[in-house]
Amino acid sequence: MRVLGLVPARGGSKGIPGKNIKPLAGKPLLAYTAETALQSRLLDRIVLSTDSEEIAAVGRRYGLDVPFLRPAELAADASPTLPVVRHALEWYAARGERFDALCLLQPTTPFRKTADIDGCVRLLAESDADAVVSVTQVPDEFNPHWVYFRGADGSIGVSTGEAAPIPRRQELPPSFHRDGSLYVTRTRVLLEQNSLYGDRVLGYVTAGGGVNLDTPEDWARAEALAATAEAAVA
């Protein structure tokens, strides 16, 4: 199975200005994703999709292919991810290079592991799923069987719709949340269904403990995590 690794990194950013190349613990944010992806054994090509010459230069410095600049209409604040993905696949297809699947690697989740990239790709290749996404187990206290929604009248009900919560922790079924670090989707699903998920999605369970960078508070947490990791290696 031929897999395209796609790193989307546009120039504009409101929550954290210039975040894709902002230094995190001494190196550009983009470098974390580039370094991890380039160690993968199962990604056939790793390409950076950006509208910014400055980001493109950083991407090249860290080993990413940058064969095109993304059109401005695909780099606005409200631009969704799917057209960016389709643009990359169609750009390569127009030049005779096709892929069976695409692995989306967003720089805003910098602490993913190479083993998880290859694990997601391998799981898709060995299954009949349309897509594989990375997930992390939800702590018991946030399990849907113990979470309540509040109605307009102030009354609360279990989010699953059951009359009462499961009484014992040991009886809770494991639940997971999408952590945003990895999406691996078959090309036919992306192009024909215009979907990152398709009809059958498998979850690849990661250890968690990462961060998704949207706010300055997220950035501060990432700095702390990076410092902790550096201290553990030293």
Side-chain angles (χ1 to χ4, degrees), residues 3-40 43-95 97 99 101-114 116-117 120 134 179-185 190 196 210-227 229-230:
V3 183
L4 174 65
L6 181 68
V7 182
R10 69 185 184 92
S13 174
K14 292 290 193 297
I16 305 172
K19 67 181 175 184
N20 283 310
I21 55 175
K22 178 181 171 74
L24 174 66
K27 63 184 177 182
L29 178 65
L30 181 61
Y32 290 85
T33 293
E35 291 171 350
T36 303
L38 288 165
Q39 294 177 49
S40 167
L43 298 180
D44 294 273
R45 188 183 289 278
I46 304 165
V47 61
L48 172 65
S49 173
T50 185
D51 60 315
S52 163
E53 289 282 7
E54 185 178 11
I55 293 175
V58 173
R60 293 188 187 99
R61 188 193 321 156
Y62 284 93
L64 298 177
D65 286 339
V66 192
F68 55 77
L69 285 182
R70 191 195 308 178
E73 62 269 21
L74 297 181
D77 288 342
S79 294
T81 299
L82 271 168
V84 174
V85 168
R86 291 177 62 99
H87 171 262
L89 287 169
E90 290 166 355
W91 188 93
Y92 277 109
R95 289 154 181 81
E97 189 169 1
F99 299 89
L102 180 139
C103 178
L104 184 64
L105 300 161
Q106 300 181 99
T108 47
T109 52
F111 302 131
R112 70 175 64 78
K113 300 184 185 306
T114 301
D116 290 334
I117 296 175
C120 280
S134 57
D179 66 21
S181 64
L182 286 162
Y183 302 79
V184 186
T185 310
L190 290 164
L196 274 173
V211 63
N212 198 325
L213 294 168
D214 289 319
T215 67
E217 292 74 21
D218 294 333
W219 193 275
R221 182 179 167 218
E223 289 277 8
L225 287 171
E230 285 185 359

Expected output: side-chain D44 to main-chain V3 donor-acceptor under 3.5 Å:
yes

Is there a donor-acceptor pair under 3.5 Å between the side chain of D51 and the backbone N or O of G11?
yes

Hits for side-chain hydrogen bond (donor to acceptor under 3.5 Å, both in side chains) against T50, two or more places apart or cross-chain, chain-then-number order -> none

Find the distance between CH2 (W219) and CG (D214) and round it off to the nearest 0.5 Å.
12.0 Å

So, for A9 and L48, which heavy atoms are closest and what is the spacing to 0.1 Å?
CB-CD1, 3.8 Å

Name all residues meeting the side-chain hydrogen bond (donor to acceptor under 3.5 Å, both in side chains) criterion together with D116; count only those two or more places apart in sequence or in a different chain, and write none if there are none.
Y204

Nearest heavy-atom approach of V84 to L74 is CG2-O, 3.6 Å

Which label fits H87 and F68: parallel for a plane angle under 30°, tilted from 30 to 60°, or perpendicular past 60°?
perpendicular

Tell me, please, which residues at least two apart from T36 pass side-chain hydrogen bond (donor to acceptor under 3.5 Å, both in side chains).
none

Of all heavy-atom pairs linking A101 and V184, the shortest is CB-CG1, 4.4 Å

Under 3.5 Å, is there a donor-acceptor pair between the side chain of R221 and the main chain of E217?
no

L182 to L105 - nearest heavy-atom pair and separation:
CD2-CD2, 3.5 Å

V7 and P107: which non-hydrogen atoms are nearest, and at how many Å?
CG1-CG, 3.7 Å

Side-chain H-bond candidate by donor/acceptor type, Q106 with T108, under 3.5 Å:
no

L82 and L196: side chain to side chain contact (heavy atoms under 4.5 Å, CB included), yes or no, with the steps?
CA-CA 7 Å; L82 271 168; L196 274 173; 4.2 Å; yes

Once side-chain contact (heavy atoms from CB on, under 4.5 Å) is applied, do any residues pair with L38, and if so which ones, sequence neighbours excluded?
I46

Side-chain donor-acceptor pairs under 3.5 Å in residues 19-29, sequence neighbours left out?
| unit_1 | atom_1 | unit_2 | atom_2 | d |
| --- | --- | --- | --- | --- |
| K19 | NZ | L213 | O | 3.2 |
| N20 | ND2 | R10 | O | 3.0 |
| K27 | NZ | E35 | OE1 | 2.6 |

Could you tell me if the side chain of V47 sits less than 4.5 Å from the side chain of W91, heavy atoms only?
no

Identify the two heavy atoms, one from C103 and one from L43, that lie closest to each other, and give their separation to 0.1 Å.
CB-CD2, 3.8 Å

P8 side chain near R70 side chain, heavy-atom distance below 4.5 Å
yes

Enter the distance from T185:OG1 to L190:CG here, rounded to the nearest 0.5 Å.
5.0 Å

Which donor-acceptor pairs under 3.5 Å do the side chains of residues 52-65 make with protein atoms, sequence neighbours left out?
| unit_1 | atom_1 | unit_2 | atom_2 | d |
| --- | --- | --- | --- | --- |
| S52 | OG | E54 | N | 3.2 |
| S52 | OG | I55 | N | 3.1 |
| D65 | OD2 | R45 | NH1 | 3.1 |

